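First the structure, in the form of structure tokens, and then the observations on it.
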Amino acid sequence: MSNDLPGIAVFVSGSGSNLQALIDASGSRKLEANIGLVVSNKSKAYGLVRAREAGIDCFVFKSKRYSSVQEASDKLLGVLREHKVDYIALAGYLKLLPEMIVKEYRNRILNIHPGSLPKYGGKGMYGHFVHEAVLANGENATAATVHLVDEVYDRGRTLESVSVPVMSDDTSETLAERVLKEEHELYWQVINKLIRGKYDFDN
Ligand code: GRF
């Protein structure tokens, strides 16, 4: 892997299929970044297995293990710096990032969300909850969305959103599968655009 590429850290809490898609995109040189670190709040997250198999350093970050938010934030920031992390990609990470990290990486943190924002976002609106709400509302389309991360769940500006059709016989599982396929193709492309400076920011 070329050392001139910017470094990214991918944060996961679960299965990590988006992480896998990024690992694959990095392997085929489609992703113009080096995944130098995977962070998880869960030591048993399958995403960590995927990371280790790909030879990527892992860090389990449990903020409650530290005596203060400051201490936890300093530790995480230290690990990110140690791994030369320039960008952060949240991929199924279910915790809010410490404010200090959001500040330090302002406009360099992305999240991928399995629905349209802001309608199907916010605290508690993740994974199957999103797809169930979309089905309950009788929507005929949903979305895979990549947005900037700030201090509030799913509030940051949407950078790209791809529409995904909802079928009349969809369950939350079949819908999740269709959305995930789009997510896997979308995320590395948005990361590349961000790295290339294709988005304008006011702050
Ligand atoms: C994805 O649907 C993503 O949009 C959301 O959480 C899910 C994570 O799936 N933030 P995976 O762990 O990448 O398979």
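Just the heavy atoms: all of them, side chains too, but no hydrogens, waters or symmetry mates, feed the values below. Order of listing sets the numbers, starting from 1, for every ligand and every atom in it. These numbers come from a predicted model, not from an experiment.
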Query raised in the report: Checking side chain to side chain contact (heavy atoms under 4.5 Å, CB included) for the pair Asp154/Tyr126: CA distance, chi angles, key distance, verdict?
Result: CA-CA 10 Å; Asp154 301 331; Tyr126 61 89; over 6 Å; no
Query raised in the report: Would you call Lys119-Glu139 a salt bridge at under 4.0 Å N-O?
Result: yes
Could you pull out the N/O contacts under 3.5 angstrom between ligand 1 and the surrounding protein atoms?
from, atom 1, to, atom 2, distance (Å)
ligand 1, 2 (O), Glu183, OE1, 3.3
ligand 1, 2 (O), Glu183, OE2, 3.0
ligand 1, 4 (O), Ile112, O, 3.2
ligand 1, 4 (O), Pro114, N, 3.4
ligand 1, 4 (O), Glu183, OE1, 2.7
ligand 1, 4 (O), Glu183, OE2, 3.2
ligand 1, 10 (N), Ile112, O, 2.8
ligand 1, 12 (O), Gly16, N, 2.7
ligand 1, 13 (O), Ser17, N, 3.2
ligand 1, 13 (O), Asn18, N, 2.8
ligand 1, 13 (O), Asn18, ND2, 3.0
ligand 1, 14 (O), Ser15, OG, 3.1
ligand 1, 14 (O), Ser17, N, 2.9
ligand 1, 14 (O), Ser17, OG, 2.6

Query raised in the report: Is the number of heavy atoms from other residues, nucleotides or ligands within 6.0 Å of CD (Glu177) greater than 12?
Result: no
Query raised in the report: Considering residues, nucleotides and ligands other than Glu99, do more than 12 of their heavy atoms fall under 6.0 Å from its CD?
Result: no
Query raised in the report: Going by an N to O cut-off under 4.0 Å, is there a salt bridge joining Glu32 and Lys193?
Result: no
Query raised in the report: Does Tyr66 belong to the same Ile/Leu/Val/Met/Phe/Trp/Tyr cluster as Ile101, with side-chain heavy atoms less than 4.5 Å apart forming each link?
Result: yes
